[in-house]
Each structure stands twice: as structure tokens, then as C-alpha cells.
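I have placed the structure first, in the form of C-alpha cells, so that the comments after it can refer back to it.
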Amino acid sequence: MNNTDKIYNLAVSGVQKLVPYTPGKPIEELERELGLSNIIKLASNENPLGPGKKALAAIQATLKDLALYPDGNGFNLKSALANKYAVDMSQITLGNGSNEILELVARAFLTPGLEVVFSQHAFAVYPIVTQAVGATAVVAPALNYGHDLDAMLQRVTDKTRLVFIANPNNPTGTLLNHADLEAFIGALPDTCVCVLDEAYCEFVGGQRADNSIAWLKKYPNLLITRTFSKAYGLAGLRIGYGLSSPQLADILNRVRQPFNNNMLALAAAEAALTDVEHLQNTITVNAQGMQFITEGFKNLGLEWIPSAGNFVLVDLKQPAIPTYEALLRKGVIVRPVGVYELPNHLRITIGTQAENQLFLQALTEVLAG
């Protein structure tokens with residue numbers, strides 16, 4: 001046994017077997033590999049409009065204070081979120097992206113021998129945080145590429161401590177019926193925490209995006225996670241939050257690291273909540289882009305999964321990696337989703353009109369051979 005093997009064997013068993021999350025290919029990496037310029041990235045569900053003016057102004061105003069630690073409690077941002085959603089500040093947990101909230105809840109509630117239920121084709125971080133703490137993942141088969149709530153409920157046992165639900169789901173974009181989802185949460189035993197991952201909720205539109213907040217009063221075992229990375233255009237600052245009962249939030253804040261949100265992120269997120277114009281522009285651009293891209297798929301004779309997010313899965317009816325690699329050579333980065341058991345699909349983030357046009361032009365050329 002060499003020294004490297006000895007180090008691996010020192011790690012806990014779940015981590016030894018863990019496959020790290022693979023993010024979308026960075027633009028800089030493709031530039032290095034192929035020497036390309038004018039690359040467009042439609043791989044990571046980022047906001048093509050970038051941050052809003054108010055967030056950028058808040059960042060600029062905060063730069064002078066970077067020698068200081070941020071507010072470890074995030075008082076101003078929590079206050080703004082509490083006001084927006086009519087909840088108490090004690091119900092809020094701030095995270096380094098909503099991704100960290102998923103990790104916190106796993107660390108707080110899971111041990112070896114306990115189980116987590118989630119759906120096939122659901123977000124890749126769910127199995128990662130489960131395996132990292134040595135718990136057992138119980139995967140329910142998908143229904144029409146989305147969550148089969150009945151199948152998930154059937155798999156809940158006295159060993160189940162967490163259920164993860166992404167709504168809209170990443171990477172498929174499917175959206176659950178509101179009444180069915182509440183009925184599912186209400187049917188869970190009080191020994192099980194339901195994590196409702198709403199990273200893309202702003203794209204759903206209308207009052208429906210905030211309907212789940214009302215459930216917090218009825219279900220103390222409900223945790224809603226949201227992010228500023230998508231609709232608010234702050235992915236590079238890594239900031240998200242959880243909404244829950246005060247008791248659940250208290251548990252999460254016990255394992256949350258001090259100063260997990262940097263000063264720029266806190267300031268930008270607080271300002272972004274007030275930038276209604278930028279959010280509306282983002283939603284409009286996404287809706288128009290979704291229509292444009294799916295119409296392009298139709299013209300190419302391709303099928304896609306209707307999406308409630310800022311991305312869409314297209315079915316190539318053949319292994320998707322060759323098409324993905326051919327698009328890279330044309331300077332277009334999209335996302336293969338074989339890790340989600342969807343080897344024939346590509347996920348495309350909705351971009352600007354110019355980016356969407358370039359993508360469809362490149363795809364048309366690649367498929368034509």
C-alpha cells in the first residue's frame with residue numbers, strides 16, 4: 001500500500017467512494033483548451049443579464065470595508081428577507097449558496113443507518129451530501145422526468161430523516177402541482193424533514209412562487225431553500241438562504257460556520273431584493289428565450305421537456321456527448337446530463353437573444369454534420 005492509498009483509507013467510508021460534483025465547463029478552460037474567443041456559456045443556469053444595478057452599487061459601496069469581518073448573523077439581509085416573506089428573522093438560515101443549506105441539513109440530521117429519499121433525475125448534490133455523512137440514499141423512480149410523490153412517500157420509513165424535493169426540478173425543469181405537493185408534505189411523519197429546494201422559484205411566476213411560504217406555519221418539519229445565484233444574478237458571490245420553523249433554523253445555525261457569507265454577498269443580496277425592475281427583466285428575457293429556443297427545437301424536429309426554470313432539456317435521441325463536444329468546438333458550452341441518467345439529453349440555459357441565436361445556429365450546423 002502506497003502513502004496515497006493510506007491517506008484515502010483514513011477518510012470516512014462515504015467520502016472514500018464519493019464522486020465530486022462536476023460543474024459546467026468554465027469559459028476560461030475552453031479558451032485554454034481550444035484557443036477560442038467569443039465563447040458563450042449556457043451550461044450553469046446563470047443569469048445572462050448579470051447582477052442588477054442596485055446590487056452592483058451595493059458591492060461598490062462595500063469595498064472600502066473589506067478589511068473587516070462581515071456580520072456573522074447577516075442581520076440586514078435577514079431583516080430584508082423577513083420583511084419580504086412575512087416571516088420572523090429566527091426562521092432564516094443564510095448559506096454560502098443554497099447549496100450550503102443542503103449540506104447543513106444533512107450534517108445536522110443524518111448519520112449512518114438513517115435514510116434520505118429523493119427522486120431519480122433530481123439535483124446531484126442530494127446524493128453527494130447523503131453519502132458524505134454515511135447515510136443511505138433511497139431513490140424513487142421518476143414520473144415523466146419529474147418527482148413521483150406517491151412513489152417517494154411509499155419509500156419513507158422510520159429510518160427516513162430527510163426528503164429532498166426540487167421544485168422546479170433541476171435538471172429536468174418539471175414543476176409539481178401545488179396541492180399535490182402540500183398533501184405530500186402533510187403526509188410525512190414528524191420524524192422526517194422535508195427539504196423543498198426552490199432555487200428556480202422566481203421563474204415560476206405569479207403568486208405561486210410564494211405559496212409555499214405559507215406552509216411554514218403548518219409544517220415545522222419543512223425547510224425551504226432559495227438562492228440569489230439564478231434569477232438575481234449573483235452566482236459568483238455564493239449566497240442563498242433557508243426558511244423554516246425557528247426550531248429547525250436554530251439547529252441549522254448551530255452547525256453553520258461563522259462568517260459563511262462574505263460582506264459583498266450580504267450587501268448585494270440585500271440590494272437585489274429591492275431591484276424589482278431587474279428581476280422582472282430577467283423573467284421576461286427568460287420567457288422570451290425559452291419560447292425562441294423551444295421553437296428552434298421544434299423546427300429541428302427535436303423533443304424537449306417543458307421547463308419551469310431558466311433552462312431546458314433537449315432529447316437528441318442519441319448519445320449526447322458527441323453533440324456536446326462538437327458544440328464546444330464552436331465555442332458553445334452547454335451541459336450534458338448523463339450523470340442524471342439522461343445520456344441522450346443536453347441541458348441548455350436560456351441566454352440573451354444573441355446567445356440563443358448563436359446556440360441554435362451552432363446546433364443546427366452540428367446536427368447537419
Neighbour count above 12 (heavy atom, 6.0 Å) for F259 CZ
yes

By the rule that ILVMFWY residues connect when side-chain heavy atoms come within less than 4.5 angstrom, directly or transitively, which residues belong alongside V276?
none

Test salt bridge (charged side-chain N to carboxylate O under 4.0 Å, His left out) applied to R32 - qualifying residues, sequence neighbours left out:
none

If you count every heavy atom of other residues, nucleotides or ligands that lies below 6.0 Å from Q353 atom CD, does the total exceed 12?
yes

Inter- and intrachain pairs under side chain to side chain donor-acceptor pair (under 3.5 Å), touching residues 293-311, at least two apart:
E303-K317

Answer with yes or no after comparing the ring centroid distance for Y145 and H345 against a 6.0 Å cut-off, counting only values under it.
yes

Heavy-atom closest pair (A187 atom, L153 atom, distance to 0.1 Å) is CB-CD2, 3.8 Å

Apart from L143 itself, members of its ILVMFWY cluster (side-chain separation under 4.5 Å) are none

N/O donor-acceptor pairs under 3.5 Å from side chains in residues 215-224, not counting sequence neighbours:
unit_1: W215; atom_1: NE1; unit_2: E182; atom_2: OE1; d: 3.3
unit_1: K218; atom_1: NZ; unit_2: E182; atom_2: OE2; d: 2.4
unit_1: Y219; atom_1: OH; unit_2: E182; atom_2: OE2; d: 3.2
unit_1: N221; atom_1: ND2; unit_2: C192; atom_2: O; d: 2.8

With sequence neighbours left out, the residues meeting side chain to side chain donor-acceptor pair (under 3.5 Å) with E103 are none

Any residue meeting side chain to side chain donor-acceptor pair (under 3.5 Å) with N169, in chain and number order, not counting sequence neighbours
T172

Residues that D148 engages under side chain to side chain donor-acceptor pair (under 3.5 Å), provided they are two or more places apart:
none

Sorted by chain and residue number, the side chain to side chain donor-acceptor pair (under 3.5 Å) partners of T157 (sequence neighbours excluded) come out as E115

Would you please name every residue forming a salt bridge (charged side-chain N to carboxylate O under 4.0 Å, His left out) with E29, sequence neighbours left out?
K25

For E270, what residues pass the salt bridge (charged side-chain N to carboxylate O under 4.0 Å, His left out) criterion, not counting sequence neighbours?
none

Please identify each residue that fulfils salt bridge (charged side-chain N to carboxylate O under 4.0 Å, His left out) with K78, with sequence neighbours left out.
none

Please verify the inter-ring angle class for F228 with Y232; under 30° counts as parallel, over 60° as perpendicular, anything in between as tilted.
tilted

